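Inspection log for the structure reproduced underneath, given as structure tokens.
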Number of protein chains: 2
Amino acid sequence: MKQGEQTRSNIIKSANKLFYQQGFHKTAFSDIVQEVGLSKGNITYHFKSKEDILTAVFKQRIENTKNTLAAWDQKYPDASARLHCFIDSLVAGKSELTRYGCPNATLATELGKSDALTRELSLGIFDLIRNWLSRQFLDLGYTPEQAENLAMELFISGQGICVLSQVYSDENMFEHEVIKLKKMIKQN
Amino acid sequence: MKQGEQTRSNIIKSANKLFYQQGFHKTAFSDIVQEVGLSKGNITYHFKSKEDILTAVFKQRIENTKNTLAAWDQKYPDASARLHCFIDSLVAGKSELTRYGCPNATLATELGKSDALTRELSLGIFDLIRNWLSRQFLDLGYTPEQAENLAMELFISGQGICVLSQVYSDENMFEHEVIKLKKMIKQN
DNA sequence: ACTATATTAGTACATTCGTACTATTATTGA
DNA sequence: TCAATAATAGTACGAATGTACTAATATAGT
């Protein structure tokens with residue numbers, strides 16, 4: 001029982017990595033098999049299809065996102081500090097973001113073009129972040145409408161910079177953009 | 001000779017549509033065959049591989065982008081009016097952009113994860129737009145550095161809104177965002 | 001210790017993929 | 001008009017795809 005859960009977790013982890021770095025459609029089932037390092041039969045035992053693995057990956061991402069945001073909430077009593085966490089996390093991940101784009105956005109755009117279930121799961125992650133951002137600006141004293149607008153503005157810029165830094169293979173774009181983003185927080 | 005060029009053009013057009021709406025990897029060769037409505041053999045006669053079609057699609061996009069920008073340049077003597085053209089084109093295409101994302105960005109992010117040649121072609125399109133935007137702000141009297149920053153800011157916002165409107169399936173986001181973008185132009 | 005079940009491995013298979021190939025028909029240029 | 005070539009159709013094929021299936025092994029509870 002316990003060993004199976006570990007394997008399951010490993011599969012999700014490997015698939016998550018490959019879906020991020022290569023995209024879902026370009027990642028073959030055998031790629032996952034190779035990455036995990038176990039037999040094909042073993043993996044089909046835990047997940048009966050490639051799509052099943054995908055939804056598991058999504059659910060794990062949602063869980064991770066929840067945990068990260070909750071951790072920031074708990075660690076910092078100041079909403080401004082929490083927002084800085086968010087922005088700093090972009091800079092911290094700039095190398096990967098520049099190479100492969102935003103993991104949530106790239107999967108969402110690839111799959112949003114067709115699938116319905118995965119679109120809903122994607123939306124789940126984005127809502128987590130958007131609502132969290134909105135709450136921070138509320139804490140800063142903005143009106144609900146202002147807070148939502150600011151959250152969206154921040155989110156949009158974050159996504160935009162991910163796209164352009166990837167296209168230009170220039171991770172320095174993040175530092176440039178982050179200065180503007182941090183200014184948004186200051187004007188309380 | 002002439003009929004062949006027409007067919008070639010049709011193939012590119014169909015492939016362009018499918019690559020946009022489904023992505024490159026999800027689009028099978030037979031999908032293109034079906035979309036064009038001609039035989040498989042005919043298409044392999046004009047393009048020896050799927051990747052060949054892709055590069056042809058890119059080159060056509062570059063050509064189209066060049067033409068569009070040049071047309072705006074010729075039509076409007078005022079840089080402000082030209083920038084409004086750019087922004088209005090986002091609103092005009094909001095339905096498709098919301099459904100499938102920015103055609104250039106979605107292909108770029110999908111292929112930028114692996115391929116090298118296509119990354120270069122993607123970058124070509126983005127450079128066309130970025131440089132054009134930069135030139136407009138220069139015309140408005142900004143310094144080269146300011147112009148570049150404003151161009152990037154505008155570009156980033158445009159890409160960000162494409163990503164989020166797609167995820168949320170909400171094309172109304174464009175109107176919201178466009179107001180902010182147009183303010184960028186006014187402050188001359 | 002023993003049986004039921006969880007887990008892993010290995011293989012097999014139908015399907016689809018992209019491309020190559022040949023044959024047939026249109027079109028062109030001299 | 002008539003060869004040469006462009007263009008189209010149709011088929012074939014090896015490789016890779018995702019999944020199903022069976023056999024073997026490990027692990028658990030009793």
Side-chain angles (χ1 to χ4, degrees), chain A residues 1-60 107 110-111 113-118 121, chain B residues 1-60 107 110-111 113-118 121:
Chain A
M1 191 102 90
K2 185 130 171 287
Q3 177 58 24
E5 282 173 21
Q6 179 61 43
T7 300
R8 214 184 120 89
S9 168
N10 287 341
I11 296 169
I12 294 174
K13 192 178 166 190
S14 295
N16 181 53
K17 179 186 168 190
L18 291 173
F19 291 163
Y20 176 39
Q21 294 184 349
Q22 310 185 351
F24 175 74
H25 289 110
K26 218 211 160 183
T27 300
F29 200 89
S30 59
D31 290 340
I32 301 173
V33 172
Q34 193 178 1
E35 177 76 23
V36 178
L38 296 174
S39 71
K40 184 177 282 198
N42 194 355
I43 293 174
T44 58
Y45 169 75
H46 289 283
F47 299 95
K48 68 171 184 288
S49 74
K50 192 182 159 192
E51 278 233 348
D52 260 25
I53 301 180
L54 178 64
T55 65
V57 163
F58 266 116
K59 284 174 182 171
Q60 196 220 251
L107 253 194
E110 181 186 357
L111 300 166
K113 291 178 175 242
S114 52
D115 202 81
L117 168 65
T118 49
L121 290 166
Chain B
M1 191 101 89
K2 183 128 171 289
Q3 177 60 23
E5 282 174 22
Q6 179 62 43
T7 301
R8 213 185 122 89
S9 169
N10 287 341
I11 296 170
I12 294 174
K13 192 178 167 189
S14 296
N16 181 53
K17 179 186 169 191
L18 291 174
F19 291 162
Y20 176 38
Q21 294 183 350
Q22 310 184 351
F24 176 73
H25 289 111
K26 217 211 161 181
T27 300
F29 200 89
S30 59
D31 291 340
I32 301 172
V33 171
Q34 192 178 3
E35 178 75 21
V36 177
L38 297 174
S39 70
K40 184 178 282 198
N42 194 357
I43 293 175
T44 57
Y45 169 74
H46 289 283
F47 299 95
K48 69 169 184 287
S49 74
K50 193 182 159 193
E51 278 233 347
D52 260 25
I53 301 180
L54 178 64
T55 65
V57 164
F58 267 115
K59 284 176 182 171
Q60 196 220 248
L107 253 194
E110 183 186 356
L111 300 166
K113 290 179 178 239
S114 52
D115 202 81
L117 169 63
T118 50
L121 289 166

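To find a chain, count down the sequence lines: A is the first, B the second, and so on, and within it residues start at 1. As the structure is a prediction and not an experimental result, all values here were calculated from the model.
Among residues two or more places apart in sequence or in another chain, the salt bridge (Lys or Arg N to Asp or Glu O under 4.0 Å) test is passed with B/D52 by B/K48. Here B/V36 pairs with B/I11, B/S14, B/I32, B/L38, B/I43 under the side-chain contact (heavy atoms from CB on, under 4.5 Å) rule; sequence neighbours left out. Residues passing the side-chain contact (heavy atoms from CB on, under 4.5 Å) test with B/K17, sequence neighbours excluded: B/Q21, B/E35. Qualifying side-chain contact (heavy atoms from CB on, under 4.5 Å) partners for A/S9, counting only residues two or more places apart in sequence or in other chains: none. Take A/D31 and apply the side-chain contact (heavy atoms from CB on, under 4.5 Å) test, not counting sequence neighbours, and it matches A/L18, A/Q22, A/T27, A/A28. Residues satisfying the ring pair (Phe, Tyr, Trp, His ring centres under 6.0 Å) test with A/F58, not counting sequence neighbours, are none. In terms of the ring pair (Phe, Tyr, Trp, His ring centres under 6.0 Å) criterion, residue partners of A/Y20 (sequence neighbours excluded) are, by chain and number, A/Y100. Looking at residues two or more places apart in sequence or on another chain, you find a side-chain hydrogen bond (donor to acceptor under 3.5 Å, both in side chains) between A/T118 and A/D115.
Taking five base pairs at each end of the helix from C/dA1-D/dT30 to C/dA30-D/dT1 and finding the rotation axis that steps the C1' atoms of four pairs onto the next four gives two axes whose angle is 20°, to the nearest 10°.
For residues 22-50 of chain A, every residue pair satisfying the ring pair (Phe, Tyr, Trp, His ring centres under 6.0 Å) rule, not counting sequence neighbours, is listed here: A/F19-A/F24.
Annotation: proximity of residues 7-32 of chain A to DNA chain D (heavy atom, distance under 4.0 Å) is found for A/T27, A/A28, A/F29, A/S30, numbered in ascending order.
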N/O-N/O pairs, protein side and nucleotides 9-13 of chain D side, under 3.5 Å:
residue, atom, partner, partner atom, Å
D/dA9, OP2, B/S39, N, 2.9
D/dA9, OP2, B/S39, OG, 3.3
D/dA9, OP2, B/N42, ND2, 3.4

